[in-house]
Amino acid sequence: MKYSIYQKQNPEFLNNYLNYKRYIEHYSNTTVREDYFDIRTFFRHLKFKEQNPKKFNIDDFKQLSIKDIAIDDMNNLIEKDIDNFLFFLRYELNNTPKSRNKKLASLKGLFKFISTNNHINRNPTANHKSTNTGKRLPKYLNLSQSKKMLSKVINSEQRNKIRNYAIVCVFLNCGIRLGELVNIDLTDIKFDERTLKICGKGNKE
């Protein structure tokens with residue numbers, strides 16, 4: 001689902017930023033859409049604070065309109081407003097440190113854009129640092145587990161087992177993302193050269 005279907009629900013400056021990120025910086029539609037959802041959550045938090053309800057309700061929160069959020073609202077924000085949002089993410093939405101860092105990064109991108117274009121006088125996210133999430137070891141299959149998986153796929157009763165076997169082989173050997181695999185066309189495969197062309201993040205081949 002493209003982020004553009006939400007544009008009628010957004011303030012103009014937000015749409016300008018999303019289009020800049022998609023068509024000038026060449027980020028994927030998926031990345032821009034996820035950034036939009038993060039920013040929308042922040043804008044809804046601003047509306048939520050404005051209404052000052054006695055109790056948080058997630059269903060009511062999701063219905064909050066952000067259409068009337070204006071540049072002036074952005075210009076009036078201070079660092080404390082960002083702190084309050086991060087606090088809200090942690091204790092009301094139960095976001096993990098990784099999720100909070102992602103939303104902070106999305107906000108930093110937006111505020112950098114509107115600050116660079118002289119729409120606001122100060123960037124309230126400029127001094128905010130990401131939370132330390134610690135290093136996590138990658139999960140992987142060893143050779144024995146990989147062979148066992150391939151054996152189960154090829155010996156199954158599924159009608160498309162040959163196709164499924166090829167998909168698993170590509171995943172195991174190429175390390176590509178699901179979205180990258182889904183977008184492979186026959187013209188991307190050169191059997192005589194034994195090559196496979198993948199279009200990754202930022203339209204990089």
Side-chain angles (χ1 to χ4, degrees), residues 1-7 9-11 13-50 56-66 69 71 73-117 119-140 175-180 199-204:
M1 186 179 296
K2 294 184 177 181
Y3 73 93
S4 56
I5 69 169
Y6 300 100
Q7 289 197 335
Q9 306 170 20
N10 302 334
F13 74 90
L14 175 55
N15 287 333
N16 289 341
Y17 169 64
L18 297 174
N19 289 330
Y20 172 83
K21 193 174 180 71
R22 178 71 179 94
Y23 299 110
I24 304 301
E25 294 192 331
H26 301 294
Y27 282 92
S28 71
N29 180 73
T30 300
T31 298
V32 178
R33 186 182 67 232
E34 290 177 354
D35 276 7
Y36 165 65
F37 290 153
D38 293 340
I39 296 168
R40 185 178 64 181
T41 299
F42 174 66
F43 285 179
R44 283 177 172 169
H45 176 253
L46 295 179
K47 302 290 290 187
F48 175 74
K49 281 179 54 185
E50 184 181 286
F56 174 73
N57 182 289
I58 187 63
D59 293 324
D60 292 340
F61 182 80
K62 289 180 178 180
Q63 297 303 315
L64 291 173
S65 172
I66 64 170
I69 295 285
I71 280 291
D73 296 316
M74 302 295 97
N75 208 25
N76 292 329
L77 294 175
I78 59 176
E79 291 185 7
K80 184 66 175 177
D81 294 307
I82 308 301
D83 292 335
N84 289 338
F85 176 60
L86 296 174
F87 184 89
F88 170 81
L89 293 176
R90 180 175 182 179
Y91 293 104
E92 293 291 355
L93 298 187
N94 298 316
N95 280 190
T96 63
K98 184 177 180 181
S99 295
R100 299 197 302 271
N101 286 343
K102 180 180 175 300
K103 289 181 174 66
L104 177 60
S106 297
L107 289 183
K108 280 179 171 288
L110 170 67
F111 280 103
K112 181 180 178 181
F113 174 79
I114 58 180
S115 177
T116 300
N117 287 278
H119 295 310
I120 58 175
N121 298 322
R122 62 179 180 274
N123 183 344
T125 67
N127 296 321
H128 280 79
K129 306 296 182 183
S130 297
T131 302
N132 187 356
T133 59
K135 292 185 178 180
R136 184 174 62 180
L137 294 175
K139 297 179 181 180
Y140 61 92
I176 65 176
R177 299 177 177 85
L178 173 61
E180 294 167 348
C199 187
K201 285 189 173 181
N203 288 334
K204 295 179 181 177

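Every heavy atom of this structure was used, including side-chain atoms; hydrogens, water molecules and symmetry mates were not. Residues take their numbers from the sequence shown, with the count starting at 1.
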| field | Member of Leu104, Asn123, Leu107 meeting the side chain to side chain contact (heavy atoms under 4.5 Å, CB included) criterion with His128 | value | Leu104
| Test item: Leu110 and Phe43 side chains (from C-beta on) under 4.5 Å apart, heavy atoms | yes
| request: Could you tell me which non-hydrogen atom of Phe111 sits nearest to which non-hydrogen atom of Ile120, and how far apart they are? | output: CD2-CD1, 3.8 Å
| said: Counting only heavy atoms not in Lys49 (residues, nucleotides, ligands), do more than 12 fall under 6.0 Å from its NZ? | reply: yes
| Side chain proximity check, Tyr20 to Asn117, heavy atoms < 4.5 angstrom | no
| query | Does any N or O in the side chain of Arg44 come within less than 3.5 Å of the main-chain N or O of Ile66, such that one atom is a donor and the other an acceptor? | reply | no
| said: If you count heavy atoms of other groups shown closer than 6.0 angstrom to CZ of Phe87, is the number above 12? | reply: no
| field | Polar side chain donor-acceptor pair, Asp35 to Tyr27, under 3.5 angstrom | value | no
| Quick one: are Phe85 and Thr41 in side-chain contact, heavy atoms under 4.5 Å? | yes
| Is there side-chain contact between Val32 and Glu25, with at least one heavy-atom pair below 4.5 Å? | no
| request: Only one of Lys103, Lys102, Arg90 passes side chain to side chain donor-acceptor pair (under 3.5 Å) with Asn95; say which it is. | output: Lys103
| query | Under 3.5 Å, side chain of Lys108 to main-chain N/O of Thr125, donor-acceptor pair present? | reply | yes
| Looking at CZ of Phe42 and CG of Asn84, how far apart are the two atoms once the value is rounded to the nearest 0.5 Å? | 9.5 Å
| field | Within 45° cone of Tyr6 ring axis and under 6.0 Å: Arg40 NZ or CZ | value | yes
| query | Any side-chain donor-acceptor pair under 3.5 Å between His45 and Asp81? | reply | no
| field | Beyond-backbone contact of Pro97 with Arg100, side-chain heavy atoms, under 4.5 angstrom | value | yes
| Heavy-atom pair with the smallest gap, counting every atom of Asn57 and Asp59 | OD1-N, 2.9 Å
| field | Within-4.5 Å side-chain heavy-atom neighbours: Leu14 and Ile69 | value | no
| note | Output for pair (Leu18 CG, Phe113 CZ), nearest 0.5 Å, gives 9.0 Å
| How many angstroms lie between atom CG of Asn29 and atom NZ of Lys21, to the nearest 0.5 angstrom? | 12.5 Å
| query | For Gln7, does its backbone N or O pair with a side-chain atom of Asn15 as donor and acceptor, under 3.5 Å? | reply | yes
| field | Over all atoms of both residues, closest heavy-atom pair of Pro124 and Ile82 | value | O-CG1, 3.7 Å
| Are a donor atom and an acceptor atom from the side chains of Asp38 and Ser106 found within less than 3.5 Å of each other? | yes
| task | Any chance you could measure Asn127, atom CG, to Arg122, atom CZ, to the nearest 0.5 Å? | result | 12.0 Å
| Do the two ring centres, one from Tyr36 and one from Tyr3, sit under 6.0 Å apart? | no
| request: Starting from the C-alpha separation in whole Å, work towards a yes-or-no answer on side chain to side chain contact (heavy atoms under 4.5 Å, CB included) for Ile114 and Tyr17. | output: CA-CA 8 Å; Ile114 58 180; Tyr17 169 64; 5.7 Å; no
| message | For the NZ atom of Lys62 and the CD1 atom of Ile58, what is their distance to the nearest 0.5 Å? | response | 5.0 Å
| said: Tell me if the aromatic rings of Phe61 and Phe88 count as close, with their centers under 6.0 Å from one another. | reply: yes
